[in-house]
**Q** 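One structure, pasted below without further comment.
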Number of protein chains: 2
Amino acid sequence: MNKENNLSKNQQIVFDIIEKSREPVKAYSILFNVKKKGIKAPPQVYRALEKLIKLGKIHKVESKNAFVACKSSNCEISKATAFSICETCEKVTEISDKKLSKYLKNFHDKTGMIYKKYNLEFYGLCTTCKRS
Amino acid sequence: MNKENNLSKNQQIVFDIIEKSREPVKAYSILFNVKKKGIKAPPQVYRALEKLIKLGKIHKVESKNAFVACKSSNCEISKATAFSICETCEKVTEISDKKLSKYLKNFHDKTGMIYKKYNLEFYGLCTTCKRS
DNA sequence: TTTCAAATGTTATATTATTACATACTGTTA
DNA sequence: TAACAGTATGTAATAATATAACATTTGAAA
Ligand SMILES: [Zn+2]
Ligand SMILES: [Zn+2]
Ligand SMILES: [Zn+2]
Ligand SMILES: [Zn+2]
């Protein structure tokens, strides 16, 4: 365990990769990149990912099977995630919008189901790609 | 082509499976179920799925890698999808809530990105599982 | 009837994720 | 300290999901 932040060795290694990346990282890309650090097999990566998600340090972008570090300091444990995804350049940005999250946290459907978590993914054109 | 609805043979076969199911269906479960109808290989299923999604006849539940028939008559071509997913029984329901979809269609982030599409997945406890 | 786009058939392979089991490390408590 | 529980690690094998590539067929329209 790393005393600073409670991450184990493998968890820290995996987190560092994701945190440094400017784009969502795929599990096998992580695996490839950490071979030199002694992580050799998929389960080691997937376990670290699972824990990091539980801790809210990273999120999975479901439609891309890829992982991003949490950029929104207020989602300690990630129960409410929103992303914008550019369909052209594939850039992914975490949306932290108080109003949006409030709206969605308070949303109830007709059936009376209890919502504990949500994930929202917007697809479109980022400002850079819009211009070109 | 089936004149009734513009679906090709394979598309119709795949759609029928999904439509009849009370739960989201996985691609390889479809494949298994259509072997008897002459569809033998993954690409045949994935192509049909892709087309059906484009047509808005089905949606992919991203966090489950599974497919459901569209229940909301107003999403002809599916650019705005929302689901509720029970974490206990895995039941998935398409949410059609005018206010919600209006809110999300009009949502804009700070960056000025243009949104063309979204997918929202709520996780929680359905009314049945809540009781037990 | 030529033509073109869409759909199909087929083989192989790529990518993503989990199972299963053995071992080691960590902190807590008897 | 010794025993214990919970967490983390290492490793091999395999399951599950998805796509590439290429040949062929079909169907509607010009
Ligand atoms: Zn976050
Ligand atoms: Zn872009
Ligand atoms: Zn729908
Ligand atoms: Zn349920």
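Chain identifiers are assigned alphabetically (A, B, ...) following the order of the sequence lines, protein sequences preceding nucleic acid strands; residue numbering begins at 1 within each chain.
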**Q** So, OP1 or OP2 of dA18(D): does either fall under 4.0 Å of a side-chain N or O from Asn65(A)?
**A** no
**Q** Once Watson-Crick and G-U wobble pairs under 3.5 Å are found, how is DNA chain C written in dot-bracket notation, 5' to 3', with | for any base paired to another strand?
**A** ||||||||||||||||||||||||||||||
**Q** Less than 4.0 angstrom between a side-chain N/O of Asn10(A) and OP1 or OP2 of dT7(D), yes or no?
**A** no
**Q** For dT7(D), does either OP1 or OP2 sit under 4.0 Å from a side-chain N or O belonging to Ser8(A)?
**A** no
**Q** Short of 4.0 Å, heavy atom to strand atom, which residues of residues 30-41 of chain B count as contacting DNA chain C?
**A** Lys40(B), Ala41(B)
**Q** For residues Tyr28(B) and Pro42(B), report the shortest heavy-atom separation together with the two atoms involved.
**A** OH-CG, 3.3 Å
**Q** Can you measure Leu52(B) atom CG to dT8(C) atom C1' for me and round it to whole angstrom units?
**A** 15 Å
**Q** Are Tyr46(A) and Val68(A) linked, directly or through intermediate hydrophobic residues, by side-chain heavy-atom contacts shorter than 4.5 Å (ILVMFWY only)?
**A** no
**Q** Per the salt bridge (Lys or Arg N to Asp or Glu O under 4.0 Å) rule, what does the pair list look like for residues 111-132 of chain B, sequence neighbours excluded?
**A** Glu87(A)-Lys117(B)
**Q** Residues two or more places apart in sequence or in another chain: which of them pass side chain to side chain contact (heavy atoms under 4.5 Å, CB included) with Lys99(B)?
**A** Tyr103(A), Asp97(B)
**Q** Identify, with sequence neighbours excluded, every residue that meets ring pair (Phe, Tyr, Trp, His ring centres under 6.0 Å) alongside Tyr123(A).
**A** none
**Q** Quick one: list whatever passes side chain to side chain contact (heavy atoms under 4.5 Å, CB included) with Asp16(B), sequence neighbours left out.
**A** Gln12(B), Lys20(B)
**Q** Under a single-linkage rule joining Ile, Leu, Val, Met, Phe, Trp and Tyr whose side-chain heavy atoms are separated by less than 4.5 Å, which residues share a cluster with Ile114(B)?
**A** Leu125(A)
**Q** Over how many whole Å does the gap from Glu50(A) atom CD to dT9(D) atom C1' extend?
**A** 14 Å
**Q** Without decimals, in angstroms, what is the distance between Asn6(A) CG and dG27(C) C1'?
**A** 13 Å
**Q** Rounded to whole angstroms, how far apart are CG on Leu55(B) and C1' on dA6(C)?
**A** 12 Å
**Q** Map Phe67(A) and Ala48(B) onto DNA chain C by nearest heavy atom, then report which one ends up closer to the 5' terminus.
**A** Ala48(B)
**Q** Could you tell me whether the phosphate oxygens of dT8(C), OP1 or OP2, come under 4.0 Å of any side-chain nitrogen or oxygen in Gln44(B)?
**A** no
**Q** Looking at Lys51(A), I'd like to know whether one of its side-chain N or O atoms comes within less than 4.0 Å of OP1 or OP2 on dA8(D).
**A** yes
**Q** When rounded to the nearest 0.5 angstrom, what is the spacing between CG in Leu31(B) and CG in Leu49(B)?
**A** 10.0 Å
**Q** Suppose we screen for ring pair (Phe, Tyr, Trp, His ring centres under 6.0 Å). Which residues come up paired with Phe83(B), at least two apart in sequence or across chains?
**A** His59(B)
**Q** Could you give all pairs that pass the salt bridge (Lys or Arg N to Asp or Glu O under 4.0 Å) test and reach residues 22-35 of chain A, with sequence neighbours left out?
**A** none
**Q** In whole angstrom, give the distance that lies between atom CG of Leu49(B) and atom P of dT8(C).
**A** 12 Å
**Q** Identify, with sequence neighbours excluded, every residue that meets side chain to side chain contact (heavy atoms under 4.5 Å, CB included) alongside Phe32(B).
**A** none
**Q** What pairs of nitrogen or oxygen atoms, one from the protein and one from nucleotides 19-22 of chain D, lie under 3.5 Å apart?
**A**
unit_1  : atom_1 : unit_2   : atom_2 : d
dA21(D) : N6     : Arg47(B) : NH2    : 3.3

**Q** By the 4.0 Å heavy-atom rule, please label Lys60(B) as base, sugar-phosphate, or nothing.
**A** sugar-phosphate
**Q** Any side-chain N or O of Lys9(A) below 4.0 angstrom from OP1/OP2 of dT9(D)?
**A** no
**Q** Kindly write out the residues that satisfy salt bridge (charged side-chain N to carboxylate O under 4.0 Å, His left out) with Glu90(B), not counting sequence neighbours, or none if the list is empty.
**A** Lys64(B)
